[in-house]
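Single-structure report; data block below.
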Number of protein chains: 2
Amino acid sequence: MRLRYIELFHAVLTTGSLTGAAKLLNISQPAASKALQHAEDQLGFELFSRVHGRLQPTQQALLLRDRVERIIQELHELKRLTTNISQPESCPLRVTCTPTLAQTLVPDAMASLRKAFPGTAAELFTQHSLVMCESLALRDTDIGLTLQDPGHQNLRQQALCRGQVMVIAPPGWWPDEELTQPLPVSALAGQPLIGITVRDALGNMLQSHLAQVDPPPRTSVWVQTYQLAYSLVARGEGLALVDPFTARCGNGQNIQRRPLKLHLDVVLYALYRPDSPLNPVQKRFLALVRQLAQGILADN
Amino acid sequence: MRLRYIELFHAVLTTGSLTGAAKLLNISQPAASKALQHAEDQLGFELFSRVHGRLQPTQQALLLRDRVERIIQELHELKRLTTNISQPESCPLRVTCTPTLAQTLVPDAMASLRKAFPGTAAELFTQHSLVMCESLALRDTDIGLTLQDPGHQNLRQQALCRGQVMVIAPPGWWPDEELTQPLPVSALAGQPLIGITVRDALGNMLQSHLAQVDPPPRTSVWVQTYQLAYSLVARGEGLALVDPFTARCGNGQNIQRRPLKLHLDVVLYALYRPDSPLNPVQKRFLALVRQLAQGILADN
DNA sequence: CGCTGCCACAACCGCGGGTTATGCCGGGTG
DNA sequence: CACCCGGCATAACCCGCGGTTGTGGCAGCG
């Protein structure tokens with residue numbers, strides 16, 4: 001099985017036609033046609049049945065599909081890795097973080113950094129944790145910031161600081177004097193709650209704690225990011241459980257917040273590759289992030 | 001990145017030399033040399049440093065290593081799948097089972113089958129559960145038998161029958177009249193026990209149950225298969241928890257056995273691909289397996 | 001000191017994979 | 001129905017990649 005055949009097979013499946021595939025691969029249509037035939041009689045079975053002059057994947061082709069696409073994917077990743085290796089550290093600071101942290105924490109840290117080191121180039125990404133690990137491994141970026149312990153064995157993880165899960169609510173929900181007191185989980189019973197479907201460790205823990213509340217909170221809307229939950233709460237849709245960074249964003253104009261009484265901590269992690277030691281700019285950046293985060297977490 | 005380069009890179013890493021790699025790929029040494037240089041100046045960095053006329057992988061090469069080997073692996077699997085697709089069902093009955101079941105159950109069933117269908121060709125494999133799923137998916141084989149629920153979404157699984165976890169002991173360990181009474185888990189406290197490190201669902205469940213016994217069983221030997229545990233028990237090394245098939249093998253000459261009092265069942269599963277319906281021979285075979293297994297499990 | 005094992009370079013060659021040009025077929029459209 | 005167009009296959013041609021053999025340099029070793 002030549003690589004060309006694999007690429008071609010994939011291209012035909014995605015574009016749906018031979019000419020489309022040929023365009024995708026930057027070759028002429030007859031070249032694609034001939035290659036496909038080569039592939040087929042090398043395999044010993046038809047990949048596509050020619051019906052009415054069009055191509056239609058056969059049963060066998062569908063069996064190969066998933067596996068072939070995995071290989072294509074892996075090859076793309078290999079390519080990314082090699083290009084990133086061949087052009088090393090063009091940029092002194094390449095950071096990726098989750099959407100939550102991209103809201104205020106990371107921009108603030110970046111702004112502070114550029115006061116200390118004016119004119120430093122930087123690249124910022126926002127990615128969810130799984131993709132983040134991939135980006136780091138593939139050297140698309142050098143530092144990852146996340147609230148989830150990814151448990152990725154090929155990455156070094158450093159806990160920058162810890163905080164509490166926060167409950168946010170529309171203004172006037174609680175008397176002002178209660179805002180500093182932690183809210184017990186049981187107090188959520190029967191309350192309108194924005195559901196979090198974030199599939200990280202924190203999300204799962206929250207789910208399992210909430211499952212024990214009786215009567216269960218009334219949840220009609222489910223969201224996939226903490227930021228969406230915040231926006232809904234600000235519009236009076238109910239309460240939500242969020243990380244302290246989301247709780248703090250927007251200066252709390254449109255919401256009230258108070259800590260949730262829970263032994264579960266929210267931890268801010270920095271991730272980086274163990275083989276590439278951090279340069280001074282990166283270290284300074286992490287120090288700034290930690291400092292800002294501690295500031296946010298101390299004042300709840 | 002040409003596929004040839006990937007294969008070459010892998011071959012050099014495994015053989016340690018260019019000439020070795022060339023032999024592995026059935027090409028001449030100069031061809032390999034030239035290809036490697038092509039690869040390197042296409043990548044933009046050296047894969048191997050030439051020291052004293054020998055090749056030594058560079059730092060960058062080591063970064064690529066894992067990923068490249070994954071791709072090679074995937075390509076091999078794709079090749080297996082395609083050859084299995086192009087030569088369909090040469091053999092009417094291709095079965096894979098775990099070592100435990102290969103001891104007596106599967107051979108017995110096969111013998112019975114060949115009485116009903118004399119001269120039927122068959123292929124037998126023994127594999128652990130993960131590899132088993134791969135073999136089925138790659139169409140190396142058609143039916144898998146295992147005691148573990150693999151939860152593999154691309155495979156159909158059928159529970160053939162259920163049984164109890166058994167405790168086996170050297171002869172004379174228990175009075176004969178107790179042998180039919182289930183042994184409570186607590187009775188294992190302080191007893192000499194052969195540890196099972198099988199990493200399947202059953203093994204994990206047993207581990208967690210045993211962890212609650214106080215004082216814990218005295219375990220000095222850990223084994224990786226139930227069969228090894230049986231052999232050690234037969235030599236007087238202590239007790240062991242095993243599946244009922246292992247407990248029954250060898251006609252129980254050298255051991256005593258009795259059920260373990262546990263709500264946990266041992267389930268015998270048949271696995272097959274949902275897209276390929278079973279032929280009569282295969283169905284008959286599964287019926288025989290079920291029948292024999294029920295016989296074994298009924299008489300504990 | 002020569003032998004051996006390993007790698008690089010040179011010169012050569014065949015074929016795989018590309019090109020353009022063309023024809024066939026079926027479906028949609030005025 | 002006539003027409004065109006989109007899509008695939010075939011033919012003829014061509015180039016360079018990936019292979020070959022032959023040779024030379026270099027280290028290590030008996």
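Protein chains get the first letters and strands the later ones, always in sequence-line order, with residue 1 at the start of each. Just so you know, these numbers come straight off a predicted model, no measurement behind them.
The side chain of B:Q37 places an N or O atom within less than 4.0 Å of a non-bridging phosphate oxygen (OP1 or OP2) of C:dC9. Distances shown here put a side-chain N or O of A:R50 below 4.0 Å from the OP1 or OP2 atom of D:dA9. Side-chain N/O atoms of B:S28 include one lying less than 4.0 angstrom from OP1 or OP2 on D:dT20. Under 4.0 angstrom from either OP1 or OP2 of C:dG17 there lies at least one side-chain N or O belonging to A:R2. The side chain of A:R54 contributes no N or O atom lying less than 4.0 Å from OP1 or OP2 of C:dC25. In this model, the phosphate group of D:dC8 is not approached by any side-chain N or O of A:S33 to a distance below 4.0 Å at OP1 or OP2.
Proximity note for B:K34 (side chain, C-beta onward) versus C:dC12, C:dG17, D:dC8: the nearest is C:dC12. Closest to the A:H52 side chain, of the nucleotides D:dC8, C:dG26, C:dC9, is C:dG26. Of the candidates C:dG17, D:dG7, C:dC7, the closest approach to any side-chain atom of A:T19 belongs to D:dG7.
Separating the CZ atom in A:R2 from the CG atom in B:L3 is a distance of 9.0 Å, to the nearest 0.5 Å. The CD atom of A:Q37 sits 7.5 Å away from the CG atom of A:D41 when rounded to the nearest 0.5 Å.
Summarising the geometry, the separation between CG on A:L8 and P on C:dG16 is reported as 17 Å, rounded to the nearest angstrom. Between A:Q56 atom CD and D:dG7 atom P the separation is 15 Å, expressed in whole Å. For the pair A:Q29 CD and D:dA11 P, the interatomic distance rounds to 14 Å; values are reported in whole Å. When rounded to the nearest whole Å, the span between CG of A:L36 and P of D:dG7 equals 16 Å. Rounded to an integer number of Å, the gap from CG of B:L18 to P of D:dG19 is 13 Å. Here the C1' atom of nucleotide C:dG16 and the CG atom of B:L3 are 15 Å apart, to the nearest Å. To the nearest angstrom, C1' of C:dG17 lies 9 Å from NE2 of A:H38. Atom CD of A:E40 and atom C1' of D:dC8 are 12 Å apart (whole Å).
Side-chain contact between B:L75 and B:I6 is absent, with no heavy-atom pair separated by less than 4.5 Å.
Comparing B:L55 and A:I27, the nucleotide of DNA chain C nearest to each residue sits closer to the 5' end for B:L55. Where A:P30 and A:R4 meet DNA chain C, the nucleotide closest to each residue was compared, and A:R4 sits on the side nearer the 5' end.
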Would you check, one step at a time, whether the test salt bridge (charged side-chain N to carboxylate O under 4.0 Å, His left out) holds for B:E77 with B:R80? CA-CA 5 Å; B:E77 290 178 359; B:R80 271 167 67 192; 5.4 Å; no
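No hydrogens or angles considered: nothing links the side chains of B:E46 and B:T58 as a donor-acceptor pair under 3.5 Å.
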